Structures are given as C-alpha cells and as structure tokens.
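Quick note: numbers below take in every heavy atom, side chains included, and nothing from hydrogens, waters or symmetry partners. If you read the sequence from its start, that first residue is 1, and numbering goes on from there. For clarity, every value in this text was computed on a predicted model and none was experimentally measured.
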Amino acid sequence: MTDLLLTGARPWTPGEPLEPADIAVSGGRIAAVGPDLAGAPEHQGAQVVDLGGAIVLPGLVDAHCHLDKTMFGGPWTPNTGGRTLEGRIRNGEGRRAELGVPSADYAANLLRAMVAAGTSFVRSHIDIDPEVGLAGVEAVREAAARLAGKVDVELVAFPQGGLLTRPGVPGLLEAALRDGVGVVGGLDPAGFDRDPAGQLDLLFGLAERYGAKIDVHLHDQGLLGAWEYELIVERTKATGMAGRVAISHAYAMGGLEPDHQRRIADALADAGVAMITCAVGGAPVVPVRLMAETGARLAIGNDGIRDLWTPYGDGDMLRRVNQVAFRDRLMSDPEIELALAAGTHGGAAVLGLADYGLAVGCNADLLAVNATAPAEAVVSVPVRRLVVKGGAVVAHDGVLAD
Ligand SMILES: [Zn+2]
C-alpha cells in the first residue's frame, strides 16, 4: 500500500535526461517510478502531493561540517579568529567555554536549517582535545537525536588542535572510537603535526583496530600537500581500505600542474580515496571535471557555519554546490550537473550510504525544487518546495514540518 504519491515530478539521475514521472513511496522506500501512477489501485488512499513539474533530487549530502563548533541561531558573535590556521585553532578553543559551545541547542538549530534545505545526510567533524574531551560528541549526538527521522548524522573524531603534537589526543580519539564514533579524523600530518608518516600510521592503525573510516583535513598546499595525498593512497592500498578514506579540503589539488593533478586523481580513483571540497575562502576547490573524468570520488560539504572560525554559512547544501560550481568555473549544464552529483551521489558514496538515489527500492530521501533544468536549480538556489526523509514529508517551502 502506497503511503505517499508524488505526481508531476521530474526525477533527476546524474547523466540522464529528465522525464516526467510520478513517484510512489511505501514503507519509507521508493516503490514505483513511472507515468500516470495515480490511477492504479495500489496507490489509492495515499497522501498525494502534486509537484507541478518540479525537479526531484535525491536528499542532499553535507559530507563535511562542524556541528559542535556552531553558534547557529544564537546572538551575533563578532569574529576574532585572525587569519592563520594556528590562530583560529587557538581562538576556537579559547572562547568556546565563554560562548557555550559545544551546544546541542545550536547544533540542533543548524540541523533544522539543513533539513529545511533538503539535506538528508550529514558528516560532522567533532573537536577532540584534552580540554573539551568528548563533550562535542555528546552534544551533537543529542542534537541528532532531536532530529531523528529527519536527518542522519555521522560523526568524525577530529583532532582539531593537533594529534601527535598534543599530549593525550591519541588516547581521546581511541576513546571516541570505542564509544561508537565511526570515523577517525586527521589534521595536516605534515604542516601541523610535522610528522606525516607518524600521524597517518596512527590514524590507519586506529581505523584498522576499530573498523573505522578515515577523513583527514588537509590544508597543506603545493607539493607538500600532493606528497601527503600519495602517503594516504599508499596506506589505503596497504590496509585494504578502499572506499573508506577521504581527504577533506585538499587545497593543494586545485593548484597543481594539470598533468600532476591527473596523476593524483588517477591514483585516488585506483585506491578508492575520496576528496571532499568546501569552496572555503580563496583556496582552490578540487577540480570537479577531472575527478569525474578519472572516476575519483568527490563530495561537498559546508565546513564551518557561524562559528569561531567563520561568521558565514547557512547550512544550505544547494547553495554550497553553487559555490563550488562557481569557484570551479563550471559553465555548461553537464558541468554544473557534475557539482550537483558531488553534492548528492558523491557524498552518498563517501558516507557509504546503501540504497541511495531515486530508483525503485531506494530509501525515499528526496527534495523537490522549481527549476527547468538541474543546472538552473544550482544557479538559482530556489526554495525547497518539498523535502521527504524516510518516506515522510519533513519540510515544505523551506519550512520544517512538525
Ligand atoms: Zn573542516
């Protein structure tokens, strides 16, 4: 028996033309996709929503954010972070107690905004250091519990203040993994910890012991950053972790010579190592077309939002896809759709989501937008007309349903 019938839809699958279709949802999954489903007896009695020709996208995936840091929905806080990585790290740690972060309330505020904008899945890094301990894990878990059924949240135990250079952090990361956090994070193994082999060996060792995935923040630029990609690729192959390792930010990638870029992208594709780009500041974005050409996985995230690092951001993943496409100078419709694919299917691959998409049998996590083409949706960032998670309507016209 069908629970929800979306009529007048145009479902989008990357690389395929849009065709008008109705979408039937039953038991939280997509039960049928095709023309004129409304008349069929099995769909009688369902909640019917006429989408009037709107494009339907699979639920957006924010593959990189920092829910524990945010002050979203709180009072405006002038930014005092300064311009260096080290300075922003120290500012972030020094003022969080005064400002009440990590906060389950602020994290829940941000998750609500994300859901209203069509995000169904989130990967959030959580600062782990001797002062804050695992408080961020607890706060974000509480926030995610409040939004249960509306969005799924995956946590990364993230050594924001350094790993090897910060006594006590390796033990705290291990405690987080023992406590059920599923991803272990790293931070500039060379540029910050100044011991790339040491940090990466520790991360891969922890991941193997706890069956965790790996997601390394890598701001290091130029040949230093590129060399660290190679170290990560080598270890991923050696440990059989294909599909479970990601490099976040990867600022070096966009600045390399074209032939070097291609060699790295081929190596990433071969080893099953993903990159996650956020279009932050002036740093180069990961080249979207090259990643698609080589088959290397690419995902997109919002990174920090209204926190002690940045006053910017609103949690809207479609807007972030727009920023990545703009920064990467994607101009033709097929190119712009590559960025949209990174913000949807690419993120799903990085998070390891099963049954993701708009095919029959997939989980019914989707959103509808008024646009003539997917590229127009990316460029114009329209209000999300409808958001469905697990087969239930969770937002209408940009507003969360109760
Ligand atoms: Zn980050």
Side-chain angles (χ1 to χ4, degrees), residues 14 63-64 84-85 185-201 203-204 213-301 303 320-321 323-332 334-339 341-343 345-347 349-350:
H64 184 120
T84 66
L85 180 65
L187 173 76
D188 290 333
F192 199 86
D193 262 0
R194 307 182 72 82
D195 182 0
Q199 184 186 121
L200 292 173
D201 288 345
L203 292 180
F204 278 84
K213 293 179 269 189
I214 293 176
D215 190 334
V216 182
H217 271 69
L218 232 167
H219 312 86
D220 289 335
Q221 301 240 22
L223 297 178
L224 178 63
W227 177 60
E228 291 173 90
Y229 304 158
E230 292 176 21
L231 297 182
I232 291 170
V233 162
E234 286 167 10
R235 282 162 178 75
T236 302
K237 288 172 125 173
T239 54
M241 283 191 62
R244 298 174 61 78
V245 178
I247 301 170
S248 276
H249 294 317
Y251 289 161
M253 187 65 174
L256 298 172
E257 293 297 323
D259 60 339
H260 195 177
Q261 268 181 345
R262 184 166 289 275
R263 283 203 307 278
I264 296 282
D266 283 336
L268 294 171
D270 178 53
V273 175
M275 284 183 167
I276 304 171
T277 195
C278 301
V280 174
V285 295
V286 175
V288 174
R289 285 166 295 186
L290 177 65
M291 295 293 277
E293 277 169 30
T294 57
R297 285 178 177 172
L298 177 66
I300 296 174
D303 201 27
R320 186 61 58 161
V321 167
Q323 288 166 346
V324 168
F326 176 75
R327 291 280 314 280
D328 200 35
R329 301 183 68 235
L330 305 179
M331 296 297 174
S332 71
E335 288 177 347
I336 294 169
E337 284 193 48
L338 294 178
H345 288 268
V350 169

Run the side chain to side chain contact (heavy atoms under 4.5 Å, CB included) test against A341 and tell me which residues pass, sequence neighbours left out. W12, P14

Any chance you could measure C278, atom SG, to H217, atom NE2, to the nearest 0.5 Å? 7.5 Å

Report yes if some heavy atom in the side chain of E335 is under 4.5 Å from a heavy atom in the side chain of V288; otherwise report no. no

Closest non-hydrogen atoms of A226 and I264, given as atom of the first, atom of the second and distance, are O-CD1, 3.9 Å

I need the H219 NE2 to Y251 OH distance, nearest 0.5 Å. 5.0 Å

Quick one, L298 and P287 - any side-chain contact, counting heavy atoms below 4.5 Å? no

Quick one, I247 and V286 - any side-chain contact, counting heavy atoms below 4.5 Å? no

In this structure, CE of M241 is separated from CG of L203 (nearest 0.5 Å) by 9.5 Å

What's the shortest heavy-atom distance between V285 and A279, and which atoms? CG1-CA, 3.6 Å

I'd like to know if the side chain of Q261 and the backbone of M253 have a donor-acceptor N/O pair within less than 3.5 Å. yes

Going by salt bridge (Lys or Arg N to Asp or Glu O under 4.0 Å), name the residues that satisfy it together with D215, two or more places apart in sequence or in a different chain. R123

For D195, what residues pass the side chain to side chain donor-acceptor pair (under 3.5 Å) criterion, not counting sequence neighbours? none

Heavy atoms, side chains only, cut-off 4.5 Å: are V273 and Y229 in contact? no

Would you mind reporting whether D188 and R194 have side-chain heavy atoms less than 4.5 Å apart? no

Can you give me the closest heavy-atom contact between A292 and L338, atom names plus distance? CB-CD2, 3.9 Å

Indicate yes or no: at least one non-hydrogen side-chain atom of W227 is less than 4.5 angstrom from one of D220. no

Please state whether the rings of H64 and H249 are parallel, tilted or perpendicular, taking 30° and 60° as the class boundaries. tilted

Presence of salt bridge, D303 and R320, under 4.0 angstrom: no

Atom CG of L223 with >12 non-hydrogen neighbours under 6.0 angstrom: no

Is the backbone of L231 close enough, under 3.5 Å, to the side chain of R235 for a donor and an acceptor to pair up by distance? yes

If you compare all heavy atoms of G222 against all heavy atoms of L256, which two are closest, and at what distance to 0.1 Å? O-CD2, 4.0 Å

dist R289:CZ -> D328:CG (nearest 0.5 Å) comes out at 5.5 Å

Which heavy atom in A299 sits nearest to a heavy atom in G347, and how many Å separate them? CB-CA, 3.6 Å

How far does CD of E228 sit from CG of L200, to the nearest 0.5 angstrom? 7.0 Å

If I compare all heavy atoms of I300 with all of A339, which pair ends up nearest, and what's the gap? CD1-O, 3.6 Å

State whether the side chain of Q199 and the backbone N or O of G186 hold a donor-acceptor pair below 3.5 Å, judged by distance alone. no

Non-neighbouring partners of A349 that pass side chain to side chain contact (heavy atoms under 4.5 Å, CB included), sequence neighbours left out: R297

Can you name the residues that form a salt bridge (Lys or Arg N to Asp or Glu O under 4.0 Å) with E234, not counting sequence neighbours? none

Are the side chains of T294 and L268 in touch, meaning some heavy atoms are under 4.5 Å apart? no

Considering only heavy atoms from C-beta outward, does the side chain of D193 approach that of L187 to under 4.5 Å? no

Partner set under salt bridge (Lys or Arg N to Asp or Glu O under 4.0 Å) for R327, not counting sequence neighbours: none

Run the side chain to side chain contact (heavy atoms under 4.5 Å, CB included) test on D270 and K237 for me, step by step, so that the C-alpha distance in whole Å, both residues' side-chain angles and the decisive distance to 0.1 Å come before the verdict. CA-CA 9 Å; D270 178 53; K237 288 172 125 173; 2.7 Å; yes

State the CD1-OG1 distance between I214 and T239, to the nearest 0.5 angstrom. 6.5 Å

